[in-house]
Amino acid sequence: MSLKNRLGFTREPVYLIDGSAFVYRGFYAYPDLKRSDGFPTNAMFIVLRLLAKLLREEKPAYLGFVLDGKGPTFRHALMESYKAQRMRMPENLAVQIEPLLEGLGKMGIATIVSHGVEADDVLASLANRFKKDRPVVLVGADKDLQQCLDENVYLWDPSMRKEKLVTLESFRTHQDLVPGQWPDYQALVGDKADNIPGIPGVGPKTALGLLKRFPSLEALRDGFERLSAKEQTRLKPHMEDIFLYRELTRLKTDCCADHVCAQLKINQEDMSAFLDFLDAYEFHSLKREFARDDARDTNASGHKMTGTFVEPVHGEALPDCAGKQVGMILEGKGVRIGLEGREYLFDACSMSLVTALGTAQSIAVPSLKDVLYHHRLWYLVPLGTWFDIGLAEYLLDPEERNYGFERIRDGLSGELDTHPENPALTACRIGELLTKRLEAGDFIPLMRELELPLIPVLVKMEQNGIRLDLEAFAAFLAEVQEKLDQLTTAIYQEAGTTFNIRSSQQLAEVLFDRLGIVSRKKTPGGKPSTSVQALEALADAHPVINSILRYRTLEKLRSTYLEPLPKLVDRENRVHTHFNNLATATGRLSSSKPNLQNIPIRGEFGPRMRGCFIARPGYKLVAADYSQIELRILAHMSKDPHLLDAFARNEDIHARTAALLFDKEPEAIQADERRKAKTINFGLLYGMGPQKLGKDLGLTLKEAKEFIARYFSALAKVKTFYTDVEKRARAHGSVTTIAGRRRLLPDINSRNANLAQQARRMAINTVVQGSAADVIKKAMLAVDRDPLLHKTGSRILLQVHDELVLEVPAENAIEVGERLTVIMSGVYDLDVPLAVDWGIGDNWAQAH
DNA sequence: ACCGAAGA
DNA sequence: TCTTCGGT
């Protein structure tokens, strides 16, 4: 549905497009699109496609396309380093700008090229003037545009798979800021992309806290005395700079005084020149689309209207929910309820509402996790009452990447009898439909006994967070930064040029073209690879290679961990990750914003990195991890006597495998032989074939095949297990884990051998990896419910696939560690023991 | 094999 | 979107 309808505009809105953003995005997103003579057309294509969609769906009357001009802007005059690290426009993109402007002209769209200011400034200035007369929709993704939000100004990004609309209201509920405070906020936090440093150690949480107390930088300066001593020392050295930073972020609202809205009127009376233009650049699909749109005046909203719309009641008389099926949608602070064909709106969550809903038979919601975050009162509704629509869909097909309500609704639209503008009634109906499907697939126990109860545990873990040692982070970062600076000069010298070492493209050019090193490995895309594996093989060819490898590891450390993490801490220096329970095809959790499941552990810097994650004063971290859980599951499922025996005796499994493979006593196994056995053990869990194994072990294809054959003849029951999994996958088109989790693998019966082979590997890996995920999820529930852990004041902080990290009062740490291992090893009764290793420490490194 | 983040 | 690299 168009924005006009959704937002109920009464006057024609004007759309202002941040052209530069889309031009760049298109350029990187579609690197290979070219005309047959080689002229690059990728950026043009993306922009034109975006406009086509916008014209078709929005039917705008006024639209302006704004591009950055060439020269420097006033911001460069304010600060030299501004956007210094951003490269100048690549040649392949620059050549597309003129033709693009020409095309837009023929399309009847007004373009504005900014000079001395950036495109965003033009957008802000025009929005500021036009908003008095009509709604303004800023089309773009730059977060700095949020400062323009107003009752009549909207920010919209339709280019992603899921469009993003920010209104004044949604901004307020999400940000706890007024749009006008955005520049003040950015000045404190900094912005790496624009090279605005911000204040070290001040992340979003701190900045929001400060702005809550002092609404502007001026107020902050004037009230400086009222800050705590710690805050004063942190802020003092930067108090002058932040005013400059704010000027860089603040968009101008007073340029383009001579533009009037009438100039932005779309004029598509004659499209023939534009169609010729599309021909000239070989945009055939776009031409078809425009020719079609030109021919018929479409009027369809594109939305299938089933059921009749029911006007929602503004509820102060509560409906009787007892024993009924209910659907619920959260809208900002408010709540929308649907039952028995009626919808009710409430301004906020309240005790009486929660009590009424608690008597329902079931409440279908798009995401239970969101509900629990919405208000603490929701915890009072019995867990068994909730029905999580996203979760249900995930269990039915874990390979959809999008479990948003809209996607699911549209997928089921054929079977819905509700109006799309009655989302709560729709949710209720979807709940009914999906319940039937879950029953048919035998997913109810998995849903009710594992996945749904896990959600409040995940929320607790996220809210607990884990504490960072900020001093240690700062010292670490300073060291790494200094080494990086030294390496940069060394590399430029050794290579004989300066270039962007972070760019694999430029690096490949320098190494393989300029220095004449012969590349051996290729990327999946067919270009010469500069990965660690590829570079290590070339280490002898040139001294610069080793410097580059070292630069890579340090840069990774800096950019992924050392720099971003301290910015995310709250008042107590704790970071709060998101544990996503609908993210993986195998049933594992994933962690993001920040990802705490890939914090380095190995190598020169791993222990030091994990040492920066600490327990709060008076507490210890207790970490417990399953030992070889996936191989143990393989042992249990295959019933292979060698594996069962090795685990029963708690032997070194890789050494034992090596002994079988090389026909030696386990004591006589060499390190290299153990390494090979380890690689093949892991490889087979991934369903790895001989090519990949050979590559990893440096063997020829023939040797690798023999090696695998030897493995399977020694571990014959593993072989039969593999073929059984494959057979079952063929027969059902899916595989199932111990807890009844299912992954669909339609490709396993494909005539395309590659696809079938890929599906075969997924089948094996999913059974093993997914079952391991079931085991630890069950353990998490048991840990959460354990009275002793509760009594000792333990809190669960992290899950890293086979590991749990708890924070515990120091005096109880040993007791908790012991209890934890008992719980974790006891969740499933397998044919092998589930061994658990654990440790205690003041930080995560020690606890290992 | 399964992820997420950063950079271009 | 692709490449790379950190984790399991």
Side-chain angles (χ1 to χ4, degrees), chain A residues 24-33 42 46 85-87 89-90 92-93 159-161 192-193 398-399 401 499-508 521-535 548-549 551-565 568 577-580 582-603 605-606 609-610 625-631 682-689 692 743 745 758-770 772-773 776 798-803:
Chain A
Y24 269 93
R25 194 188 290 180
F27 182 70
Y28 286 117
Y30 272 74
D32 294 327
L33 192 63
N42 52 348
I46 290 291
Q85 63 193 2
R86 196 174 284 188
M87 304 226 304
M89 188 182 274
N92 271 354
L93 176 53
S159 65
M160 311 300 280
R161 215 177 54 250
K192 244 190 79 192
E399 270 181 292
R401 304 173 304 161
F499 62 102
N500 187 346
I501 309 167
R502 279 163 290 195
S503 158
S504 44
Q505 261 179 38
Q506 293 186 33
L507 182 60
K521 305 209 172 203
K522 301 266 186 233
T523 68
K527 281 174 260 179
S529 166
T530 65
S531 68
V532 168
Q533 287 221 332
L535 291 188
I548 287 168
L549 285 169
Y551 180 95
R552 277 265 181 84
T553 52
L554 291 168
E555 171 62 14
K556 176 89 179 180
L557 219 54
R558 184 194 66 79
S559 66
T560 314
Y561 307 105
L562 293 174
E563 208 139 84
L565 280 172
L568 299 173
T577 184
H578 296 261
F579 284 109
N580 193 337
L582 313 180
T584 73
T586 53
R588 275 188 179 176
L589 299 175
S590 84
S591 157
S592 58
K593 296 178 190 175
N595 182 351
L596 295 184
Q597 289 179 324
N598 73 341
I599 303 299
I601 183 166
R602 292 184 241 103
F605 303 102
M609 189 72 243
R610 289 221 171 178
D625 67 290
Y626 285 109
S627 149
Q628 310 288 2
I629 187 167
E630 293 180 352
L631 281 174
F682 275 101
L684 286 148
L685 291 178
Y686 301 155
M688 192 193 272
K692 176 98 166 96
R743 178 171 183 184
L745 294 166
Q758 171 82 358
R760 198 189 67 88
R761 289 196 288 273
M762 289 176 172
I764 307 273
N765 182 245
T766 300
V767 172
V768 181
Q769 189 183 108
I776 195 159
L798 299 180
Q799 187 254 43
V800 193
H801 305 132
D802 65 354
E803 173 185 7

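The chains referred to below are lettered A, B, ... by the order of the sequence lines, with proteins before strands, and numbering in each begins at 1. All values below come from the heavy atoms of this structure, side chains included, with hydrogens, waters and symmetry mates left out.
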Handout entry: Touch class at under 4.0 angstrom, heavy-atom based, for A:K593 against every strand present
Key = sugar-phosphate
Completion exercise
Atom CZ of A:R25 and atom P of B:dG7 are separated, to the nearest Å, by 18 Å
Handout entry: Euclidean distance, A:H801 NE2 relative to A:I629 CD1, rounded to 0.5 Å
Key = 12.0 Å
Completion exercise
Per nearest nucleotide of DNA chain B, the residue lying toward the 5' end, A:K556 or A:L685, is A:L685
Handout entry: Residue pair A:T530 / A:R552, side-chain donor-acceptor N/O under 3.5 Å
Key = yes
Exercise for the section: For A:E563 and B:dA6, give me the distance from atom CD to atom P, rounded to whole Å. Expected result: 11 Å
Problem - Straight-line distance of A:N580 CG to A:N595 CG, nearest 0.5 Å - result: 11.0 Å
Exercise for the section: Determine the contact category for A:R602: base if any of its heavy atoms lies under 4.0 Å from a base atom, sugar-phosphate if only primed atoms, P, OP1 or OP2 are that close, otherwise nothing. Expected result: base
Practice task
Give A:V532 one of three labels, base, sugar-phosphate or nothing, depending on what nucleic acid heavy atoms sit under 4.0 Å from its own.
Solution key: sugar-phosphate
Practice task
Specify the residues of residues 758-766 of chain A, ordered by number, for which at least one heavy atom lies under 4.0 angstrom from an atom of DNA chain B.
Solution key: A:Q758, A:R761, A:M762, A:N765
Problem - A:R588 bridged to A:E630 by N-O distance under 4.0 Å - result: yes
Exercise for the section: Could you tell me whether the side chain of A:R610 and the main chain of A:I599 form a donor-acceptor pair under 3.5 Å? Expected result: yes
Exercise for the section: Spell out, as yes or no, whether a donor-acceptor pair under 3.5 Å connects the side chain of A:N42 to the backbone of A:F27. Expected result: yes
Exercise for the section: May I ask you to say what A:Q505 touches in the nucleic acid, namely base, sugar-phosphate or nothing, with a heavy-atom cut-off under 4.0 Å? Expected result: nothing
Practice task
Figure out the CD/C1' separation between A:E630 and B:dC3, and round it to whole Å.
Solution key: 13 Å
Practice task
Rounded to the nearest angstrom, tell me the gap between atom CG in A:L589 and atom P in B:dG4.
Solution key: 11 Å
Problem - Which atom of A:P600 lies closest to which atom of A:L557, heavy atoms considered - result: CG-CD1, 4.1 Å
Completion exercise
Here the gap from A:L589 atom CG to A:T577 atom OG1, rounded to the nearest 0.5 Å, amounts to 10.0 Å
Problem - Distance, rounded to the nearest Å, where A:L745 contributes CG and B:dC2 contributes C1' - result: 14 Å
Fill in the blank from the handout: On DNA chain B, more 5' by nearest nucleotide between A:T560 and A:E399 is A:E399
Practice task
Remember a base hit wins even if backbone is also touched, and classify A:I601 as base, sugar-phosphate or nothing at under 4.0 Å, heavy atoms.
Solution key: sugar-phosphate
Exercise for the section: Pick base, sugar-phosphate or nothing for A:A585, based on heavy-atom distances below 4.0 Å to the nucleic acid. Expected result: sugar-phosphate
Practice task
Would you mind classifying the nucleic acid contact of A:F27 as base, sugar-phosphate or nothing, using non-hydrogen atoms under 4.0 angstrom?
Solution key: nothing
Completion exercise
At a 4.0 Å cut-off to heavy atoms of chain A, the contacted part of DNA chain C spans C:dT1 to C:dT8
Exercise for the section: Return the minimal non-hydrogen interatomic distance between A:L685 and A:N765, and the atom names on each side. Expected result: O-ND2, 3.3 Å
Problem - Length of the CZ-C1' vector between A:F682 and B:dA1, whole Å - result: 12 Å
Practice task
Round to the nearest Å and state the distance from A:R558 atom CZ to B:dA5 atom C1'.
Solution key: 13 Å
Exercise for the section: Give the rounded distance in Å between these two atoms: CZ of A:R552 and P of B:dG7. Expected result: 13 Å
Handout entry: Carboxylate-amine/guanidinium contact A:R558 A:E555, below 4.0 Å
Key = yes
Practice task
Would you tell me if any nitrogen or oxygen in the side chain of A:S590 comes within less than 4.0 Å of OP1 or OP2 on B:dG4?
Solution key: yes
